[in-house]
*Asks:* 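Handing you this structure, nothing more for now.
Please read all numbers here as calculations on a predicted model, not as lab measurements. Both ligands and their constituent atoms are indexed starting at 1 by order of listing. All residue numbers in this chain count up from 1 along the given sequence.
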Amino acid sequence: MSNDNHDDSLGLHPETLAIRAGRETSQYGEHSQGLFLTSSFTYPSAEEAAALFLGQQEGYTYSRFTNPTVNAFQQRLAALEGGERCIATASGMAAIQATMLTLLKAGDHIVASQSLFGSTISLFNTVLAKFGVETTYVAPSDLDAWRAAIRPETRLLFLETPSNPLTELADIAALAELAHAHGALLVVDNCFCSPVLQQPLKLGADLVVHSATKSLDGHGRVLGGAVVGSNELVEQVYLHVRTAGPTLSAFNAWVLLSGLETLFIRMEKQCQNAQKLAEWLEKHPKIERVYFPGLASHPQYELASRQQKAGGAVLSFVVKGGREAAWKVVDGVQIISKTANLGDVKSTITHPASTTHARVTAEARERAGIVEGLLRVSVGLEHVDDLMRDLENGLSH
Ligand SMILES: *Cc1c(COP(=O)(O)O)cnc(C)c1O
């Protein structure tokens, strides 16, 4: 088994790393990444088995913690995020859970953005709370609120940027500085931007977590997750995953590796489509407001231009006429899929107030800006004119 571990030190462009970094090839010299669908590995002798188990010899023993296909995915994503090491997990939630259970103990405190993926908030409020870890939520863009929420027992700051669905940004570099000044770590869920648009580790974050289910796969096929960062921190998360077992399957890693090969070209085109759609929607007479970091009207346009390479592939907009008008758009589209998934080459549309945010009370929703007329579109790779015509059909009903 050999490994072409191309990394940043070779001066390769990220587009090249997405295709070439971390390939694991067998003695057969297969050109595409081999799928090592095996739970365990055999040893040439009792002595080598002993050395492998003691960690004195590098090699594969058991796929809960070491598998060549999963390893290839880990090395490639580490290279793309500019991290020293990556550990892959069964899903994005498994990555977040593993990170939290590794780094925190009873009595510790988290300061988190209030605009997080719903299951992340549930994880913090149920699982972590049960084990004595408390979370304070703040508006992602309000630096003073982050500062005011920090306590002596704060161990970790956690955020997503831009937020879902209102595309509110958090300033990663400023929050990394704040965390470090208080002896805390900054963990960034980089699912929305992917390393194509933003590399949080380079802005000072300590760990990046991913739902590989979204744009890393890009075709809505498999679940996966990952944690990327320094050798020291990721080693701790690795020891947790090795013991607790929320491991990425070799098959899913193999699918995700092919997703990574087209990540750049997909993200670039999807961002272009989203930009065009956002500009078109902003001028549409039936639209009240568009939320998209690539528009000059975005309240944090300056930060977005500095922090992200493009506006992203997800946008939201408020249709005049509340829920009734918004549902007409959802029911009127024929190309765009009616599903909550995002980051797919197939565009999707959702009505957050009645789906992803339905369990939040109506007042809390309004306060957070998730109004009844709000729709979220994850923009895919279809021709942008077809997407506009599809939305126009929905809007003109
Ligand atoms: C989907 C998502 C997750 C969870 O990922 P799964 O792979 O579904 O477990 C976490 N964070 C964000 C921002 C997501 O969109």
*Asks:* For Gly224, is the nearest heavy atom under 4.0 Å from an atom of ligand 1?
*Replies:* yes

*Asks:* Any N/O of Thr120 closer than 3.5 Å to an N/O of ligand 1?
*Replies:* no

*Asks:* Between Tyr60 and Phe36 (judged by ring centroids, cut-off 6.0 Å), do the two rings come close enough to count as a pair?
*Replies:* no

*Asks:* Give the cluster check for Leu381 versus Met267: same hydrophobic cluster or not, with ILVMFWY residues linked at side-chain heavy-atom distances below 4.5 Å.
*Replies:* no

*Asks:* So how far is it from Gln198 CD to Leu201 CG, rounded to the nearest 0.5 Å?
*Replies:* 10.5 Å

*Asks:* Just which atoms of ligand 1 are under 4.0 Å from any heavy atom in Cys191?
*Replies:* 12 (C), 13 (C), 14 (C), 15 (O)

*Asks:* Can you tell me if CZ on Phe65 sees more than 12 non-hydrogen neighbours from other groups inside 6.0 Å?
*Replies:* yes

*Asks:* What is the nearest protein non-hydrogen atom to atom 11 (N) of ligand 1, stated with its residue, atom name and distance?
*Replies:* Asp189 OD2, 2.6 Å

*Asks:* Kindly check if the number of other-residue, nucleotide or ligand heavy atoms within 6.0 Å of CD (Glu177) is above 12?
*Replies:* no

*Asks:* For Thr213, counting its heavy atoms only, list the atoms of ligand 1 lying under 4.0 Å from any of them.
*Replies:* 6 (P), 7 (O)

*Asks:* Tell me the contacting part of Met93 for ligand 1: side chain, backbone, both, or neither, using a 4.0 Å heavy-atom threshold, strictly below.
*Replies:* both

*Asks:* Please list the nearest protein heavy atom to atom 14 (C) of ligand 1 with its residue and the distance rounded to 0.1 Å.
*Replies:* Lys214 NZ, 2.9 Å

*Asks:* Is it the case that ligand 1 has an N or O less than 3.5 angstrom from some N or O of Phe117?
*Replies:* no

*Asks:* If the cut-off is 4.0 Å to any non-hydrogen atom of Glu160, which atoms of ligand 1 fall inside it?
*Replies:* 13 (C)

*Asks:* Would a single hydrophobic cluster contain both Leu101 and Val237, if residues Ile, Leu, Val, Met, Phe, Trp and Tyr are joined by side-chain heavy-atom contacts under 4.5 Å?
*Replies:* yes

*Asks:* Can Thr16 and Arg20 be counted as having a side-chain donor-acceptor contact under 3.5 angstrom?
*Replies:* no

*Asks:* Name the closest protein heavy atom to atom 5 (O) of ligand 1, giving the residue it belongs to and the distance to 0.1 Å.
*Replies:* Ser211 OG, 2.9 Å

